[in-house]
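Ligands are counted one by one from 1 in listed order, and the atoms in each one are counted from 1 as well. The basis for the numbers below is simple: all heavy atoms, side chains too, and nothing from hydrogens, waters or symmetry mates.
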Amino acid sequence: MIPLALARIAQVTGGRLHGDPSAVVSGEVVIDSRQVSAGGLFAAVAGERADGHDFAAAAVAAGATAVLATRPVQAPSVLVADVPGALAALARFVVDALPAVRVAGITGSSGKTSTKDLAAQLVERLGPTIAPAGSYNNEFGHPLTVLHADASTRYLVLELSARGVGHIAHLCRVAPPRYGVVLNVGHAHAGEFGGLDQVTLAKGELAEALPPDGVAILNADDPRVLAMAARTQARVVTFGVQDPGASVRAADVRLDDLGRPSFTLLTPGGSAPVTLRLHGAHNVPNALAAAALAGELGLGVAGQADGLSAAVARSRWRMEVHRRADGVTVINDAYNANPESVRAAIDALAHLARDGRGFAVLGHMAELGDTSRISHEDIGEFAARVGGSSGAGLAGLIAVGEEAAPLLAGARRVRSWPGEALAVPDGEAALDVLANRLKPGDVVLVKASRAAGLEGLAADLLKEADR
Ligand SMILES: Nc1ncnc2c1ncn2[C@@H]1O[C@H](COP(=O)(O)OP(=O)(O)O)[C@@H](O)[C@H]1O
Ligand SMILES: [Mg+2]
């Protein structure tokens with residue numbers, strides 16, 4: 001962060017100072033007391049399990065200059081009415097103090113983190129870039145990310161998430177983006193939003209926030225996203241795999257035997273070959289979005305293509321593909337799940353397992369609201385259709401937990417699918433079922449919402465091979 005005296009922090013946040021007004025915060029701003037570093041600021045937040053205020057003194061003992069808190073603590077502090085509001089004010093102050101920093105925001109229902117990580121690895125070729133691994137996309141993570149910026153920073157590549165209308169507009173006030181990427185409108189959190197029209201309204205707030213000299217980078221393949229062109233003053237640049245009219249496109253998309261796409265990147269500035277190290281065809285639009293953003297920031301097509309081909313997965317549990325010593329392949333995609341991302345993962349499974357047997361171990365998709373049951377049935381049907389009458393690509397569907405059970409009803413609608421569909425209560429039971437079935441050459445996909453906690457199952461599956 002840029003060095004700020006406590007007096008300034010109190011002024012910017014409208015807080016009350018307890019301590020030396022000239023003491024300077026020069027280190028990181030964190031909400032986890034274990035991450036406190038020398039000269040940093042510890043923001044105390046009351047969570048479900050612990051209250052940060054209890055760690056105020058420890059944070060200062062560990063080197064923090066002060067604590068941002070909502071009630072008195074035994075440490076130098078700035079007392080504010082609400083911590084996220086204070087972090088937002090501080091982040092906005094820092095952005096305004098650094099006019100040379102170019103701010104890009106990325107939103108969408110699926111693929112924000114993957115695209116942000118790809119884009120960061122391209123934009124880093126242009127200059128110092130802030131874009132931490134992981135999601136950091138909400139009222140806490142977003143300002144904390146912005147606060148990493150200092151005088152050396154040239155680019156901020158930010159992930160913007162929403163669980164309701166107004167959230168993205170708020171994040172865009174915290175760090176006004178000049179570049180905005182909208183990936184897609186899907187069912188993630190659709191229950192909380194109250195339907196896809198509301199999701200569209202919310203994601204389009206990024207397009208609305210862009211200034212006339214900004215650039216809106218929109219997915220031409222998603223009609224709801226493309227229509228956001230009418231909601232922005234910014235210049236519009238499109239990307240798409242299907243739409244031949246998109247400015248940034250992919251031709252000759254192929255997947256290798258582990259599902260890694262290669263394609264020719266077509267841009268207004270020329271074309272170049274790309275071979276991604278990420279798995280799954282859904283990463284092609286993500287890569288195009290990242291290339292379009294980097295291109296607008298000044299990276300040439302050769303740099304875009306080289307950067308995409310060199311880019312690695314920076315954030316965990318998203319389509320991690322591991323081959324066990326016994327020849328079983330495990331796809332760990334247990335970070336989150338919604339109808340679009342489960343379909344993408346099943347497609348990837350079917351590709352990897354096209355010459356063998358695929359098993360989809362699916363937990364429930366959370367936060368779908370009224371459509372939850374129907375959505376699970378539809379995914380079950382989709383999976384069985386992918387398996388087809390030969391069962392190639394999908395030999396088994398294992399629904400983990402009660403809420404995932406409607407997957408099976410959906411799969412049974414596809415009478416021609418010869419595969420096995422069964423329900424198990426938890427990850428351990430899924431492991432037992434798989435242990436009796438897996439043979440060399442098989443491929444297992446593990447996917448669920450984080451709430452289902454299936455990332456442990458994927459880890460156990462990988463251990464299994466070493467027994
Ligand atoms: N463009 C996409 N379309 C559909 N599904 C996707 C896309 N990109 C990623 N996914 C799926 O969503 C999961 C989460 O990806 P992530 O990049 O973390 O998205 P987000 O940050 O939006 O939650 C991935 O593991 C993958 O299964
Ligand atoms: Mg994310």
Check your understanding: Does any N or O in the side chain of R92 come within less than 3.5 Å of the main-chain N or O of R173, such that one atom is a donor and the other an acceptor?
Key -> yes
Exercise for review: Return the set of protein N, O or S atoms whose distance to the Mg ion (ligand 2) is under 2.8 Å, each given as residue and atom.
Suggested key: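 Result, waters dropped: T113 OG1, S135 OG, E159 OE2.
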Will you find, in the side chains of [X] and [Y], an N or O donor that is under 3.5 Å from an N or O acceptor?
X	Y	result
T238	S247	yes
R102	Y179	yes
R318	S114	no
T113	S135	yes

Distance check, rounded to the nearest 0.5 Å: [X] atom [atom1] versus [Y] atom [atom2]?
X	Y	atom1	atom2	value
R154	L98	CZ	CG	8.5 Å
H187	F193	NE2	CZ	12.5 Å
R354	L255	CZ	CG	8.0 Å

Practice item. Please say whether the positively charged group of R343, taken as NZ for Lys or CZ for Arg, lies over the ring of F382, i.e. under 6.0 angstrom from the six-membered ring centre and within 45 degrees of the axis. Key: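 The answer is yes; both the distance and angle limits are met.
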Would you mind listing each N/O atom of ligand 1 next to any protein N/O under 3.5 Å, plus the distance?
from: ligand 1; atom 1: 1 (N); to: N286; atom 2: OD1; distance (Å): 3.0
from: ligand 1; atom 1: 8 (N); to: N286; atom 2: ND2; distance (Å): 3.0
from: ligand 1; atom 1: 17 (O); to: T113; atom 2: N; distance (Å): 3.4
from: ligand 1; atom 1: 17 (O); to: S114; atom 2: N; distance (Å): 2.7
from: ligand 1; atom 1: 17 (O); to: S114; atom 2: OG; distance (Å): 2.6
from: ligand 1; atom 1: 18 (O); to: R318; atom 2: NE; distance (Å): 2.4
from: ligand 1; atom 1: 18 (O); to: R318; atom 2: NH2; distance (Å): 3.4
from: ligand 1; atom 1: 19 (O); to: G111; atom 2: N; distance (Å): 2.9
from: ligand 1; atom 1: 19 (O); to: K112; atom 2: N; distance (Å): 3.4
from: ligand 1; atom 1: 21 (O); to: T113; atom 2: N; distance (Å): 2.9
from: ligand 1; atom 1: 21 (O); to: T113; atom 2: OG1; distance (Å): 2.9
from: ligand 1; atom 1: 21 (O); to: E159; atom 2: OE2; distance (Å): 3.2
from: ligand 1; atom 1: 22 (O); to: G111; atom 2: N; distance (Å): 3.0
from: ligand 1; atom 1: 22 (O); to: K112; atom 2: N; distance (Å): 2.9
from: ligand 1; atom 1: 22 (O); to: K112; atom 2: NZ; distance (Å): 2.7
from: ligand 1; atom 1: 23 (O); to: N336; atom 2: ND2; distance (Å): 2.9
from: ligand 1; atom 1: 25 (O); to: D333; atom 2: OD1; distance (Å): 2.2
from: ligand 1; atom 1: 25 (O); to: D333; atom 2: OD2; distance (Å): 3.3
from: ligand 1; atom 1: 27 (O); to: D333; atom 2: OD1; distance (Å): 3.4
from: ligand 1; atom 1: 27 (O); to: D333; atom 2: OD2; distance (Å): 2.5
from: ligand 1; atom 1: 27 (O); to: K447; atom 2: NZ; distance (Å): 3.1

